[in-house]
Amino acid sequence: EIGAHASLMDRKVQVSAAVFYNDYRDVQVAAHVSQTFQYAQLVSISVVNAGSARTYGAEASVTARVADPLTLNASVGYLNAKYKTFRVAPGNPVIAPFDLSNTRMINSPEWQMSFSADLNQPVSDNLKIAGNALASYTDKIIWQQSGIPGFLPDSVGPSYWLVNARLGVRTTDDKYELAVYAKNLFNAGYTTFGNSSSSYGNILAWGDPRIVGVEATVKF
């Protein structure tokens, strides 16, 4: 990994960037159990070692204090992740045969981005308004390769945006705070996990819907 960091405009702007490359051997990955395996009805997934894999990508971020009470941040990440050699030949007594060589790795979204704003504004000698907003993007993600290749598609979570926000009143010593917050403000649909099996097809676990609340905080 190679990276760089710079401070600009009298340290009001911070810029960082990095590029990386990783080479793996024997990555542990979940694979489908063969239907001829005697315990296939009880155990549908087994852990196997992928022969080799590699990832490369880049990350960059910018943080700018645009005013005394307001700081903005933006970041982006790109990831190219593939198995170089990952196959199980027919005849394995436990694992169903497959060849995923040169295919995308699971749990590896290609693009991720975020934009945030942080507010810290004094309103008196003892109180200040504190808040933040965060919008984040995650590209589609392969949770698990198909349990029936050629018939059932991979278990894939779609790309999504999430927006969280928080605004409150806090003491200047940061000891007490009363705030309102919203998680998943626009009620976006997104997945947190998925799997694929020859018995049940693809199953996706969905994330929380919009949550709005009030929170009181005391720090000791």
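Quick note: residue numbers are just sequence positions, from 1.
Side-chain N or O atoms of Q14 include one that pairs as donor or acceptor with a backbone N or O of R11 at under 3.5 Å. The main-chain N or O of R87 is never found under 3.5 Å from a side-chain atom of D99 such that the two would form a donor-acceptor pair. Side-chain atoms of R210 come within 3.5 Å of backbone N or O of L185 as a donor-acceptor pair. Put simply, the side chain of N92 gets close to the backbone of V94: a donor and an acceptor are under 3.5 Å apart.
In the model, N73 has a side-chain atom that pairs as donor or acceptor with a side-chain atom of T63 under 3.5 Å. A donor-acceptor contact closer than 3.5 angstrom is absent between the side chains of S124 and N126.
Ionic pairing of E177 and R166 is present here: one or more N-O contacts between side-chain nitrogen and carboxylate oxygen are shorter than 4.0 angstrom. Look at D174 and K128 and you find a salt bridge, because one of the NZ, NE, NH1 or NH2 atoms lies within 4.0 Å of a carboxylate O, short of that distance.
Contact check for N132 versus L119: no side-chain heavy atoms found under the 4.5 Å cut-off. V13 places none of its side-chain heavy atoms less than 4.5 Å from the side chain of S7.
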Stepwise, does the side-chain hydrogen bond (donor to acceptor under 3.5 Å, both in side chains) test hold for S101 with T85? CA-CA 5 Å; S101 303; T85 304; 5.0 Å; no
Determine whether Y83 and Y24 satisfy the following criterion, ring pair (Phe, Tyr, Trp, His ring centres under 6.0 Å), listing intermediate values before the conclusion. CA-CA 9 Å; Y83 301 112; Y24 299 97; 9.8 Å; no
Give the intermediate values and the outcome of side-chain hydrogen bond (donor to acceptor under 3.5 Å, both in side chains) for residues R104 and N80. CA-CA 8 Å; R104 187 165 188 84; N80 188 301; 5.0 Å; no
Begin from the C-alpha positions of W111 and Y78 and carry the test ring pair (Phe, Tyr, Trp, His ring centres under 6.0 Å) through to its verdict. CA-CA 5 Å; W111 289 98; Y78 169 76; 4.9 Å; yes
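Y181 shares a hydrophobic cluster with I211; the chain of contacts runs through ILVMFWY side chains whose heavy atoms sit under 4.5 Å apart.
Atom NZ of K140 sits in a sparse spot, with 12 or fewer heavy atoms from other residues, nucleotides or ligands closer than 6.0 Å.
Looking at S146, S196, S155 one by one, the single match for side chain to side chain donor-acceptor pair (under 3.5 Å) with N202 turns out to be S196.
V27 and F86 fall within the same hydrophobic cluster, where Ile, Leu, Val, Met, Phe, Trp and Tyr residues are linked whenever their side-chain heavy atoms come under 4.5 Å apart, directly or through other members. One hydrophobic cluster, built from ILVMFWY side chains closer than 4.5 Å, holds both L100 and V88.
With ring centers used as reference points, W206 lies 6.0 Å or more from Y190. Remark: aromatic rings of Y137 and F115 are distant, center separation not under 6.0 Å.
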